Amino acid sequence: MAGIYITFKSTVNVGDIVEFGDHMGPVKSIGLRAVKIDTFQGQEVVIPNRLIFEDIYKHYTVNKVRRIDLNVGISYGEDLQKVEDITLQAIKKIDYLMNTKPIDLYFLEFGDSSINFVIRYWVNFQKQTDYLQALSDGIKNIKSAYDANDITIPFPIRSLDFGIKGGKTLTEVMPGEKNK
């Protein structure tokens, strides 16, 4: 019964991008017993219609739009309002953005080496490369804008602390190292 329903009534069509569990890709075929998808890594996955009928799945192409959530971290020394303004302007340079949806920026946390935020923007979506291109263009635009405005994207900083109680240098923990 699930196969008949999916064949005639489902919103899933051949070519649509769907995600079932850990598998995501375009629908290759819809049969009475199973749906086949080709993952973006090139594997064919066969999903019994019963699972599609009963379980939750994500359908990426049904709405023809997709939101990009791009996480970025900036140095603690930056002016947050300046960063927000420059980041929004950098994303607005993507000429295929959806004008009917907002661009949002939210500061999320004080990270180990950075203040982290997410920039969210929308694009028309037909295929996975639409999403990947919008993500890539966002990264390139932000990096270029930050370079032009002397805004730092820090790399992780780690401090090494030696000794059981901490606060000791390597030469204090290993006294023989002083003479080498």
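All values reported here derive from a predicted model rather than from experimental measurement. Sequential numbering from 1 along the given sequence is applied to the chain's residues.
The shortest heavy-atom contact between V27 and V12 is CG2-CG1, 3.7 Å. Of all non-hydrogen atoms in K36 and V46, the two that sit nearest each other are CG-CG2, 4.0 Å. Here the shortest heavy-atom pairing between A145 and A90 reads CB-CB, 3.9 Å. Of all heavy-atom pairs spanning I94 and A134, the tightest one is CD1-O, 4.2 Å. Of all the heavy atoms in P102 and W122, the pair that sits closest is O-CD1, 3.6 Å. When all heavy atoms of I74 and P154 are compared, the pair lying nearest together is C-CD, 3.5 Å.
T87 and Y146 form a side-chain donor-acceptor contact under 3.5 Å, judged by distance and modelled atom types alone. A donor-acceptor contact closer than 3.5 angstrom links the side chains of Y60 and E19. Neither side chain, T129 nor Q133, offers a donor N or O lying under 3.5 Å from an acceptor on the other. Counted by atom type alone, Q89 and D85 present zero donor-acceptor pairs between their side chains at under 3.5 Å.
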Inset, instruction - Just do the side-chain contact (heavy atoms from CB on, under 4.5 Å) check on L80 and E84 with the steps written out, would you? - result: CA-CA 6 Å; L80 298 185; E84 183 173 350; over 6 Å; no
Inset, instruction - Kindly determine whether D104 and Y121 satisfy side chain to side chain donor-acceptor pair (under 3.5 Å), including the steps that lead there. - result: CA-CA 7 Å; D104 299 312; Y121 51 100; over 6 Å; no
Inset, instruction - For the pair D130 and R66, evaluate side-chain contact (heavy atoms from CB on, under 4.5 Å) and give the outcome as yes or no after the intermediate values. - result: CA-CA 9 Å; D130 296 340; R66 188 140 178 215; over 6 Å; no
Inset, instruction - Run the numbers on F125 and Y131 for side-chain contact (heavy atoms from CB on, under 4.5 Å), then give the verdict. - result: CA-CA 7 Å; F125 181 77; Y131 169 81; 3.8 Å; yes
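Put simply, the residue from I68, D69, I103, N71 that forms a side-chain contact (heavy atoms from CB on, under 4.5 Å) with I119 is I103.
Note: F110 and Y76 have parallel aromatic rings, judged against thresholds of 30 and 60 degrees for the angle between ring planes.
Looking only at distances, a side-chain donor or acceptor of E78 sits under 3.5 Å from a matching main-chain atom of T152. Side-chain atoms of N13 never come within 3.5 Å of backbone atoms of D16 as a donor-acceptor pair (strictly under, hydrogens ignored). In this structure a side-chain-to-backbone donor-acceptor pair under 3.5 Å is missing from N116 to F107.
You'll find the side chain of T39 reaches within 4.5 Å of the side chain of V45, heavy atoms only. Between I37 and V35 the shortest side-chain heavy-atom distance falls below 4.5 Å. At least one side-chain heavy atom of M98 sits under 4.5 Å from a side-chain heavy atom of N124.
Contacts of K64 classified as side-chain contact (heavy atoms from CB on, under 4.5 Å), with partners at least two apart in sequence or in another chain: Q126.
To the nearest 0.5 angstrom, I86 atom CD1 is 10.0 Å from D150 atom CG.
Around atom NZ of K93, no more than 12 heavy atoms belonging to other residues, nucleotides or ligands sit under 6.0 Å away.
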